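Note that the structure is predicted; figures quoted are calculated from it, not measured.
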Amino acid sequence: SYKFNNCSSLTHLYTYAASFTGTFPKFTNEKLKYLDLRYNSMSGGGPSSSTIDTEAALPRDTFASTPKLETFYFVSSSVNTKKIHEDAFINCPDLRNLYWYSYYRTTGVLPNLTSCGNLHWLHMSSNKFEGSMPTFSVNNNIGYIYLHNNNLSGTIPELKNLSSLDYLYLYNNQFTG
């Protein structure tokens with residue numbers, strides 16, 4: 001079970017290389033802004049309502065109670081070979097920095113980031129994401145997009161109104177134009 005349920009003032013949770021294992025908890029800290037889970041041994045999956053969601057590496061309800069989340073970092077070679085639930089970040093309108101690196105283990109399509117209008121830094125390289133690249137049309141503040149080393153395909157969309165975009169890394173995908 002999640003050990004920090006009663007920490008209602010918790011804003012930063014930094015567990016870099018803390019040897020955490022198991023599934024993702026459902027984070028319940030409404031004030032949580034910064035979450036660093038890099039270099040742990042978490043397998044993915046986690047609670048979804050009253051059951052354990054084993055269909056997603058990062059379940060839909062993981063951040064349902066963290067509307068202030070601005071930064072989420074995750075790096076693990078132990079995560080299961082499932083997808084990130086497409087709506088895992090739907091309740092994170094303040095998300096600015098998202099880093100998911102699974103050493104080519106996470107599959108499926110990229111998660112829906114349309115509710116993350118403040119997104120500035122997206123690093124989701126070296127996974128096995130498939131499908132098309134999003135247009136980032138609602139992410140006007142995005143400055144960094146790292147989607148290299150995946151299995152994205154189709155044509156690269158026209159990126160309109162992204163005047164803050166400084167870095168765009170798309171190499172080692174399956175784009176056709």
message: Less than 4.5 Å apart, side chain to side chain, heavy atoms only: is that true for N112 and F89?
response: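 No, every pair of side-chain atoms sits at 4.5 Å or beyond.
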task: Taking all non-hydrogen atoms of both residues into account, name the closest pair between I90 and R60 and its distance.
output: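 Residues I90 and R60, closest heavy atoms: CG2-NH2, 4.4 Å.
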- request: Of all the heavy-atom pairs spanning S125 and H123, show the shortest one and how long it is.
  value: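 Looking at all heavy atoms of both residues, the shortest contact is OG-NE2, 2.8 Å.
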- request: Answer yes or no: is there a donor N or O on one side and an acceptor on the other, between the side chain of S76 and the main chain of S78, under 3.5 Å?
  value: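 Confirmed, S76 side chain pairs with S78 backbone.
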Main-chain N/O of F129 paired to N150 side chain as donor or acceptor, under 3.5 Å: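 The answer is yes, because a donor-acceptor pair under 3.5 Å joins these two groups.
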message: I need the minimum non-hydrogen distance between L95 and T71, along with the two atoms involved.
response: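 Heavy-atom minimum between the residues: CD1-N, 4.1 Å.
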- prompt: Counting only N and O atoms by type, is there a donor-acceptor contact under 3.5 Å from the side chain of T62 to the main-chain atoms of A88?
  reply: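 Answer holds: no.
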message: Nearest 0.5 Å, please: how far is CG in N80 from CD in E55?
response: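 Result: 9.5 Å between the selected atoms.
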message: If you define the side chain from C-beta out and look only at heavy atoms, does anything of F24 sit under 4.5 Å from L58?
response: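 In contact.
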query: Considering all heavy atoms of both residues, which atom of L147 and which atom of M124 are nearest to each other, and what is their separation?
result: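 The answer is CD2-CB, 4.0 Å.
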task: Could you check if a side-chain atom of P111 sits within less than 4.5 angstrom of a side-chain atom of D87, using non-hydrogen atoms only?
output: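 Not in contact.
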- request: Check the side chains of N149 and N172 for a donor-acceptor pair under 3.5 angstrom, ignoring hydrogens and angles.
  value: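 Yes, because at least one side-chain N or O of N172 sits under 3.5 Å from a partner of the opposite role on N149.
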task: Please assess T28 against T66 for the test side-chain contact (heavy atoms from CB on, under 4.5 Å), listing each intermediate value before the final yes or no.
output: CA-CA 6 Å; T28 57; T66 58; over 6 Å; no
- prompt: Considering only heavy atoms from C-beta outward, does the side chain of L122 approach that of F136 to under 4.5 Å?
  reply: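 Yes, close enough: below the 4.5 Å cut-off.
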field: Side chain H120, main chain N141, donor-acceptor under 3.5 Å
entry: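 The answer is yes, because a donor-acceptor pair under 3.5 Å joins these two groups.
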- prompt: Can you check whether T107's main-chain N or O pairs, donor with acceptor, with T81's side chain at less than 3.5 Å?
  reply: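 Between the backbone of T107 and the side chain of T81 there is no qualifying donor-acceptor contact (under 3.5 Å).
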E30 to K68 - nearest heavy-atom pair and separation: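 Heavy-atom minimum between the residues: O-CG, 3.2 Å.
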task: Identify, with sequence neighbours excluded, every residue that meets side-chain hydrogen bond (donor to acceptor under 3.5 Å, both in side chains) alongside H85.
output: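 With sequence neighbours excluded, H85 shows a side-chain hydrogen bond (donor to acceptor under 3.5 Å, both in side chains) to no residue whatsoever.
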- prompt: Should D36 and L13 be marked as a side-chain contact (heavy atoms from CB on, under 4.5 Å) after you check the CA-CA gap, both sets of side-chain angles, and the distance that decides it?
  reply: CA-CA 6 Å; D36 189 339; L13 181 55; over 6 Å; no
query: Would Y99 and F74 satisfy ring pair (Phe, Tyr, Trp, His ring centres under 6.0 Å), going step by step from the backbone distance to the final call?
result: CA-CA 6 Å; Y99 184 29; F74 179 78; 9.5 Å; no
- prompt: Counting only N and O atoms by type, is there a donor-acceptor contact under 3.5 Å from the side chain of T11 to the main-chain atoms of K33?
  reply: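 Here the side-chain-to-backbone pair does not exist.
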field: Between CE on residue M133 and CD1 on residue I156, distance to nearest 0.5 Å
entry: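 Here the rounded value is 6.5 Å.
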- prompt: Would you call L152 and E130 a side-chain contact if the rule is heavy atoms closer than 4.5 Å?
  reply: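 Not touching, per the 4.5 Å side-chain cut-off.
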task: Could you check if a side-chain atom of S137 sits within less than 4.5 angstrom of a side-chain atom of E158, using non-hydrogen atoms only?
output: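 The answer is no; the side chains never approach within 4.5 Å.
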task: Report the C-alpha separation of T21 and N40 in whole Å, then their side-chain angles, then the decisive distance to 0.1 Å, and conclude whether the side-chain contact (heavy atoms from CB on, under 4.5 Å) test is met.
output: CA-CA 7 Å; T21 60; N40 285 285; over 6 Å; no
message: Give me the atom names and distance for the closest heavy-atom approach of C92 to C116.
response: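 In terms of heavy atoms, the two residues are closest at O-SG, 3.5 Å.
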- prompt: In terms of the angle between their ring planes, are F72 and F63 parallel, tilted or perpendicular, with boundaries placed at 30° and 60°?
  reply: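 Rings of F72 and F63: perpendicular, as their planes differ by over 60°.
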field: Set of residues satisfying salt bridge (Lys or Arg N to Asp or Glu O under 4.0 Å) with respect to D94, sequence neighbours excluded
entry: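 Salt bridge (Lys or Arg N to Asp or Glu O under 4.0 Å) check on D94 returns nothing, list empty.
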Heavy-atom check, side chain of P59 versus side chain of K26, under 4.5 Å: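 With C-beta onward as the side chain, the pair stays apart.
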message: Between N173 (side chain only) and F175 (backbone N and O only), is there a donor and an acceptor less than 3.5 Å apart?
response: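 Such a contact is absent between N173 side chain and F175 backbone.
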task: Can you establish whether the number of heavy atoms outside D166 located under 6.0 Å from its atom CG is more than 12?
output: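 Atom CG in D166 is packed in, count exceeds 12.
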query: Can you check whether V79's main-chain N or O pairs, donor with acceptor, with R105's side chain at less than 3.5 Å?
result: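 Checking the backbone N and O of V79 against the side chain of R105, a donor-acceptor pair under 3.5 Å is found.
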Pair Y73 + Y14: ring centers closer than 6.0 Å: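 No, ring centres 6.0 Å or more apart.
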message: I want to check something: taking the side chain as every heavy atom from C-beta on, are L35 and T15 in contact at a cut-off of under 4.5 Å?
response: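 With C-beta onward as the side chain, the pair stays apart.
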query: N29 side chain to F4 main-chain N or O, any donor-acceptor pair under 3.5 Å?
result: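 Checked: pair present.
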